[in-house]
Amino acid sequence: MRLLQLHTDFVEYCPVSKEIAQAEQDVSKEKVHLEDIVVTLVAIENGDDERLAKTAADEIRTYLAKLKTNRILIYPYAHLSSDLAPAESAIAVIKSIEKFARASGFDVYRAPFGWTKSFAVQVKGHPLSENFKHLLNSSDISATLASTPTGVLDGPREKVSVALSEEEKLESTWWILEPNGKMSPVADYDFKPSDMKLRNFVNYETAKRRAADEQPSHIKLMKGLGIADYEPASDPGNMRFYPKGKLMKSLIEQYVSREIARYGGMEVETPVMYDSKHPSMESYFNRFPARQYGLTSDNHRQLFLRFAACFGQFLMAKDFMLSYKHLPLRLYELTRYSFRREKSGELSGLRRLRAFSMPDCHAFCMDINQAKEELLKRFNLSSTVINSIGLSTSETLEMAIRFTQEFYNENRDFVIKLVGKFGRPVLVELWKKRSFYFILKWEFNFVDSTGKASALSTDQVDIENGSRYGIEFVAENGDKKNPVILHNSPSGAIERVIFALLENCSEMGTKGVKPSLPLWLAHTQVRIIAVGTRHLDKCKQICSELTEQKIRSDIDDRDESVSNKIRQSEVEWIDYTLVVGDKEIEAGVFVVRKRNQGQHTKVTISQLIDEIRLRTKGMPYLPLNLPAYLSSRPIIMA
RNA sequence: GGUCAUGUAGCUCAGCCUGGUUAGAGCGAAGGUUUUGUAAACCUUAGGUCGUGGGUCCAAAUCCCACCAUGACCUCCA
């Protein structure tokens with residue numbers, strides 16, 4: 001038997017229709033509304049009996065005593081278990097629980113068994129407001145313990161997130177907003193040929209339908225190019241990065257961090273784990289309890305791994321002495337990692353992970369006006385960053401803006417201005433009322449060839465956490481006020497950026513273009529091939545010269561034919577391949593093979609340097625993190 | 001989380017349906033020959049708990065069950 005107990009402000013449910021033949025009879029279809037009550041969601045499993053019903057009643061009594069309340073709603077809820085008992089015995093056990101609970105003198109309500117019900121519930125925010133138990137008959141316990149890897153039967157793994165179901169049931173409408181300010185319902189919008197990706201994106205977001213397709217193409221590339229791979233010894237969604245992938249990841253991270261520093265972000269570092277009972281943490285923790293990695297430390301202290309940098313930065317900002325003169329205050333951290341225990345079926349390659357690196361930049365603003373002004377700056381920042389990385393806002397990405405009706409009514413011009421900056425029609429999700437801590441958020445979404453959308457850059461306007469975390473600044477008139485907080489990631493998760501770049505490459509491939517990654521992210525920018533061993537000294541000399549100019553090059557010194565070495569260079573998607581033999585050494589002019597042009601050009605080394613420096617201008621450089629000689633390099637991927 | 005599919009050498013895969021000698025190939029690796037001119041030189045050798053654990057059977061990579069991992073889809077309902 002599985003019990004999920006929720007201490008709620010209110011619960012509402014309404015039987016809609018019978019789900020199974022054995023459903024209870026004579027059920028009123030009236031909506032039921034109960035306030036200040038413990039909702040006990042219960043799933044009866046195979047082997048559960050009246051004895052266990054008694055145990056459950058004891059469990060409920062203990063919980064109610066802790067909460068100092070005596071009102072309870074017993075609510076049959078199948079999703080808690082994958083080993084459900086047959087309906088007849090389940091209903092008998094549930095009725096027994098009800099009987100025992102009444103006998104304890106509680107005010108007991110029970111929702112009907114076997115019915116489809118709509119329901120709404122508002123869980124109180126306190127740490128004890130959610131409680132999960134997996135109850136077993138004593139004879140079964142040892143067997144179950146033995147078959148459970150950790151020997152632990154309950155814990156956050158089993159929790160059902162009420163916030164998530166709220167998210168799913170959120171009432172919203174979908175629109176297309178054009179840069180000229182024209183807003184039309186999605187159904188009325190006339191998609192032009194240039195809006196193909198937008199239409200795919202809209203389909204994905206509004207229909208929530210996922211077309212049947214094969215495995216995402218970036219997975220093959222991430223392995224084949226030696227970028228990243230699964231690590232079976234870890235939890236799903238925790239990846240390993242090989243040297244080439246690590247270099248690429250570090251370069252992107254450095255670039256994003258540098259641009260945020262230029263914008264004015266103060267880089268900080270905050271802990272990866274937090275006390276789930278800390279008063280400031282409740283609101284966040286309880287929002288997605290089912291998606292946390294939990295762990296226990298000394299003294300049975302319950303900790304959870306952060307899923308964003310918000311906590312650390314908010315707790316830090318709370319301790320700052322802030323005046324309106326300091327605002328907007330910009331804090332930045334690149335989390336390695338943020339953790340989200342996404343449902344296992346939602347993980348996919350580098351697209352969605354459980355541990356990911358997230359640039360997270362918060363701006364604490366005086367008021368909504370300053371926040372709007374700041375949001376525009378950050379839009380420019382995000383736009384510059386994502387375009388420079390190689391994901392184009394004019395071709396590759398689609399924008400979504402989501403806001404409340406109230407915000408739109410008061411800030412219509414501002415919203416249109418934002419869309420104008422993007423320059424193409426965007427998808428709008430209009431919320432009737434605010435259900436989250438933010439009143440507006442926008443994202444750039446990458447739509448892959450299979451029509452799936454993933455958010456990259458994003459910013460949000462948060463009007464709730466300033467007060468929730470007790471962050472205060474002294475206003476011009478001397479009053480203490482809470483700031484409006486913006487949550488921005490200019491690039492989105494770094495792993496997801498790599499996902500998008502790789503998916504982009506495979507799209508190039510289907511269009512007949514040789515796929516290639518941006519030159520500044522290539523592990524090897526120039527591959528130098530020695531025709532014979534006697535040319536190796538010259539190769540080494542060229543390699544040093546390029547390294548001095550901050551160009552990554554390596555030398556294929558293997559005992560292989562020139563053709564074979566050329567092929568190897570192509571397989572590794574290396575942009576420039578230089579063959580060094582007698583002719584070149586004599587003339588001082590080299591024939592370079594350019595991958596993206598598929599042809600050979602005669603160049604001097606200094607011309608080659610100039611070209612590469614031009615193509616990588618303004619982007620960070622890191623030295624090659626592999627041996628320069630291919631003969632001493634391990635084979636990471638075939 | 002559920003359903004389905006997949007898991008065989010470092011990599012990519014064949015064999016499984018219809019159980020039966022020492023489980024195959026290509027790439028890669030090692031040793032040797034070759035000193036190479038723009039997408040794969042030649043020869044030889046090594047390399048496998050057939051995802052893990054149970055079961056059926058005289059016999060299991062092959063059939064059955066459970067678990068693990070990956071992928072796709074679904075996540076309605078007690």
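Every chain is numbered from 1 and lettered A, B, ... according to where its sequence line falls, protein lines coming before strand lines. Side chains are part of it too, since the values below use all heavy atoms of this structure and drop only hydrogens, waters and symmetry mates.
- B:U45 sits 32 Å from B:U38 when the C1' atoms are compared, rounded to a whole Å.
- Using a 4.0 Å heavy-atom cutoff across all strands shown, A:E584 reaches at least one base atom of the nucleic acid.
- At whole-Å resolution of the value, CZ in A:R567 and C1' in B:A41 are 14 Å apart.
- Here A:P236 lies in heavy-atom contact (under 4.0 Å) with sugar-phosphate atoms only.
- The side chain of A:S348 places an N or O atom within less than 4.0 Å of a non-bridging phosphate oxygen (OP1 or OP2) of B:A72.
- Across the P atoms, B:A60 and B:G55 are found 12 Å apart, a figure rounded to whole Å.
- Atom CG in A:L536 sits roughly 16 Å away from atom P in B:U35 (whole-Å rounding).
- Remark: the separation of the C1' atoms in B:G26 and B:U34 is 23 Å, to the nearest Å.
- Remark: A:K244 engages A:E572 in a salt bridge, criterion side-chain N to carboxylate O under 4.0 Å.
- In this structure B:C63 sits in a base pair with B:G55, meeting the Watson-Crick or G-U test at under 3.5 Å.
- Residues A:Q568 and A:V562 each lie close to RNA chain B; by heavy-atom proximity, the contact nearer the 5' end of the strand is made by A:V562.
- For the OP1/OP2 pair of B:C73 and a distance below 4.0 Å, the side-chain nitrogens and oxygens of A:K452 include at least one atom meeting the criterion.
- Residue-level contact check: A:I529 touches neither bases nor backbone, having no heavy atom under 4.0 Å from any strand.
- Taking both residues in full, the closest heavy atoms of A:T8 and A:I37 are given as OG1-O, 2.7 Å, listed atom of the first, atom of the second, then distance.
- Residue contacts for A:K220: at a heavy-atom cut-off of 4.0 Å it reaches no nucleic acid atom on any strand shown.
- Among the protein residues, A:Y230 comes within range of the sugar-phosphate backbone only, with heavy atoms under 4.0 Å from sugar or phosphate atoms but none that close to a base.
- Side chain of A:P216, nearest nucleotide from B:A72, B:G37, B:U75: B:A72.
- A close approach under 4.0 Å does occur between a side-chain nitrogen or oxygen of A:S561 and OP1 or OP2 of B:A41.
- Here the nucleotide nearest the side chain of A:I219, chosen from B:U75, B:A39, B:G71, is B:G71.
- In this structure, A:K565 reaches neither bases nor backbone, as no heavy-atom distance under 4.0 Å exists between it and the strands shown.
- Along RNA chain B, the nucleotide closest to A:V42 and the one closest to A:V592 are compared, and the more 5′ of them pairs with A:V592.
- With A:F241 as the aromatic partner, A:K246 does not meet the cation-pi criteria of under 6.0 angstrom to the ring centre and within 45 degrees of the ring axis.
- Using a 4.0 Å heavy-atom distance criterion, A:T533 is classed as a base contact.
- Taking the six-membered ring for Trp and thresholds of 30 and 60 degrees, A:Y293 and A:F339 have ring planes more than 60 degrees apart, a perpendicular arrangement.
- B:C65 and B:U75 have their P atoms separated by 26 Å, with the value rounded to a whole Å.
- Taking CG of A:L502 as the reference point, atom CG of A:L225 lies at 6.5 Å (rounded to 0.5 Å).
- Per the geometry, OH belonging to A:Y242 stands 10 Å off C1' belonging to B:G10, to the nearest Å.
- The pair A:R110-A:E98 meets the salt-bridge criterion, with a side-chain N (NZ, NE, NH1 or NH2) lying under 4.0 Å from an Asp/Glu carboxylate O.
- B:C67 and B:A30 have their P atoms separated by 42 Å, given to the nearest Å.
- Under 4.0 angstrom from either OP1 or OP2 of B:A41 there lies at least one side-chain N or O belonging to A:N564.
- The pair A:E346-A:R352 counts as a salt bridge, with a side-chain nitrogen and a carboxylate oxygen less than 4.0 angstrom apart.
- Between B:U36 and A:R558, no contact under 4.0 Å exists linking OP1 or OP2 to a side-chain N or O.
- For the P atoms, the distance from B:C73 to B:G37 is 49 Å, rounded to whole Å.
- Rounded to an integer number of Å, the gap from A:E560 CD to B:G37 C1' is 15 Å.
- Note: NZ (A:K223) to P (B:C27) measures 22 Å, nearest angstrom.
- Across every strand in view, B:A39 sits unpaired, with no contact that passes the Watson-Crick or G-U test at under 3.5 angstrom.
- Note on A:T577: every side-chain N or O is 4.0 Å or more away from OP1 and OP2 of B:U38.
- Remark: the separation of the C1' atoms in B:G48 and B:G28 is 16 Å, to the nearest Å.
- Separating the C1' atom of B:C50 from that of B:A23 is a span of 8 Å, rounded to the nearest Å.
- Nucleic acid contact for A:V591: base, since at least one base atom lies under 4.0 Å from a heavy atom of the residue.
- A:R534 has its CZ atom 11 Å from the P atom of B:G37, to the nearest Å.
- Summarising the base pairing, B:U45 is matched to B:A29 through a Watson-Crick or G-U wobble pair whose two defining distances lie under 3.5 Å.
- Here B:C43 presents its C1' atom at 14 Å from CG of A:D559, a figure rounded to the nearest Å.
- Shown here, B:A5 forms a base pair with B:U70; the pair counts as Watson-Crick or G-U wobble because both key distances fall under 3.5 Å.
- Within the nucleic acid shown, A:L347 comes within 4.0 Å of sugar-phosphate atoms alone, with no base atom in reach, counting heavy atoms only.
- Regarding A:D556, its CG atom lies at a distance of 16 Å from the P atom of B:U36, rounded to whole Å.
- When each of B:U70, B:U36, B:U38 is scored by its nearest atom to the side-chain atoms of A:V531, the top-ranked nucleotide is B:U36.
- Looking at A:D575 and A:K594, no side-chain N of the basic residue comes within less than 4.0 Å of a carboxylate O on the acidic one, giving no salt bridge.
- Proximity note for A:V579 (side chain, C-beta onward) versus B:U75, B:U36, B:U38: the nearest is B:U38.
- The residues A:R593 and A:E570 are annotated as salt-bridged, a charged nitrogen and a carboxylate oxygen being separated by less than 4.0 angstrom.
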